[in-house]
Amino acid sequence: MALWLHGAIYDARRGDNEERSAEWAQRAIIDAGLGDELAVRVADLILLTRHDAPPPAHDSALLLDIDLAILGAEPVRFAEYEAQIRQEYAWVPWPEYREKRVAVLQSFLERPSIYHGDHFKEQFELNARVNLMKAIQKL
């Protein structure tokens with residue numbers, strides 16, 4: 001559910017999309033009668049997609065790895081993704097976009113590992129690092 005709902009509320013001009021999506025998901029799950037425990041767990045997982053803290057459990061690590069799988073995509077797909085990100089933030093002036101995008105991409109490169117689980121590390125880590133370095137060079 002967290003994967004499905006983590007982008008329920010999204011506005012590229014705001015910085016609180018995860019918080020707003022988590023609140024919305026929590027209310028929707030409770031309103032659907034699925035229980036407070038599930039609602040809180042899904043909201044907590046959605047908040048982890050901010051990628052500002054290590055995941056506390058296996059399911060949260062898997063969620064974050066899935067969320068970042070695009071970074072390790074084949075180069076053509078990753079280039080499409082980067083173009084989509086730029087289009088999404090077309091309202092941001094180029095110098096500011098470049099500075100902030102480089103910072104985001106560099107933050108992933110500075111991690112000891114981009115991915116948490118062995119499967120994602122084996123499948124995507126190398127491609128992700130190459131993609132990120134090329135994207136930074138291109139910017």
Side-chain angles (χ1 to χ4, degrees):
M1 291 182 89
L3 278 173
W4 186 42
L5 298 173
H6 83 282
I9 297 177
Y10 185 77
D11 180 346
R13 294 176 186 259
R14 296 187 59 137
D16 62 349
N17 292 304
E18 291 86 358
E19 291 83 357
R20 294 171 66 221
S21 291
E23 290 170 9
W24 183 89
Q26 191 168 359
R27 280 192 313 273
I29 291 168
I30 290 169
D31 290 349
L34 298 175
D36 292 351
E37 187 176 333
L38 178 63
V40 168
R41 183 65 182 138
V42 169
D44 287 346
L45 286 168
I46 290 170
L47 291 174
L48 287 173
T49 64
R50 294 178 294 198
H51 299 279
D52 59 1
H58 176 72
D59 61 345
S60 54
L62 180 59
L63 172 86
L64 295 182
D65 284 352
I66 291 168
D67 192 43
L68 295 179
I70 188 65
L71 300 180
E74 292 301 317
V76 171
R77 175 61 189 110
F78 182 76
E80 291 172 350
Y81 165 74
E82 279 296 295
Q84 291 165 340
I85 295 293
R86 179 58 184 136
Q87 184 177 18
E88 186 176 332
Y89 289 92
W91 54 275
V92 178
W94 174 252
E96 181 182 352
Y97 173 82
R98 182 192 175 284
E99 177 183 335
K100 291 186 176 186
R101 188 66 183 157
V102 166
V104 167
L105 299 178
Q106 189 65 43
S107 74
F108 288 114
L109 282 174
E110 290 171 359
R111 295 179 178 189
S113 180
I114 295 167
Y115 301 100
H116 305 284
D118 291 339
H119 171 75
F120 281 83
K121 286 179 189 176
E122 291 168 15
Q123 186 85 20
F124 297 113
E125 186 78 25
L126 182 58
N127 275 359
R129 291 191 175 278
V130 170
N131 285 338
L132 294 170
M133 287 186 282
K134 286 182 178 179
I136 289 169
Q137 289 172 351
K138 186 176 178 183
L139 289 167

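This is a predicted model, so every value here is computed, not measured.
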| task | Show your reasoning for whether salt bridge (charged side-chain N to carboxylate O under 4.0 Å, His left out) applies to Arg86 and Glu82. | result | CA-CA 6 Å; Arg86 179 58 184 136; Glu82 279 296 295; over 6 Å; no
| Going through the checks in order, is the salt bridge (charged side-chain N to carboxylate O under 4.0 Å, His left out) test met by Arg77 and Glu80? | CA-CA 5 Å; Arg77 175 61 189 110; Glu80 291 172 350; 3.6 Å; yes
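Heavy atoms only, all atoms of each residue included: Asp65 and Gly117 are closest at OD2-N, 2.8 Å.
By the 30° and 60° cut-offs, the orientation of the rings of Tyr97 relative to Tyr89 is tilted.
Looking at residues two or more places apart in sequence or on another chain, you find no salt bridge (charged side-chain N to carboxylate O under 4.0 Å, His left out) involving Glu74. Take Arg14 and apply the salt bridge (charged side-chain N to carboxylate O under 4.0 Å, His left out) test, not counting sequence neighbours, and it matches Asp16.
A heavy-atom distance below 4.5 Å is not found between the side chains of Lys100 and Val92. In this structure, the side chains of Ile66 and Phe120 come closer than 4.5 Å at one or more pairs of heavy atoms. Looking only at side-chain heavy atoms (C-beta outward), Lys138 and Lys134 stay at 4.5 Å or farther from each other. Leu71 places a side-chain heavy atom less than 4.5 Å from the side chain of Tyr115. A heavy-atom distance below 4.5 Å is found between the side chains of Leu68 and Phe108. Gln26 is listed as a side-chain neighbour of Val40, based on a closest heavy-atom distance under 4.5 Å. Considering only heavy atoms from C-beta on, Asp59 comes within 4.5 Å of Arg41 through its side chain. Using a 4.5 Å cut-off on side-chain heavy atoms (C-beta onward), His6 and Leu63 make no contact.
When the shell of 6.0 Å around CH2 of Trp94 is examined, it contains more than 12 heavy atoms from other residues, nucleotides or ligands.
A donor-acceptor pair under 3.5 Å is absent between the side-chain atoms of Arg20 and the main chain of Tyr10, judged by distance alone. No donor-acceptor pair closer than 3.5 Å links the side chain of Ser21 to the backbone N or O of Glu18.
Atom CG of Leu132 is separated from atom CD1 of Ile114 by 5.0 Å, given to the nearest 0.5 angstrom. In this structure, CD1 in Ile46 is found 9.5 Å from CG in Leu3, a value given to the nearest 0.5 Å. Distance check: His116 NE2 to Leu64 CG gives 5.0 Å after rounding to the nearest 0.5 Å. Expressed to the nearest 0.5 Å, how far CD of Glu88 lies from OH of Tyr81 amounts to 8.0 Å.
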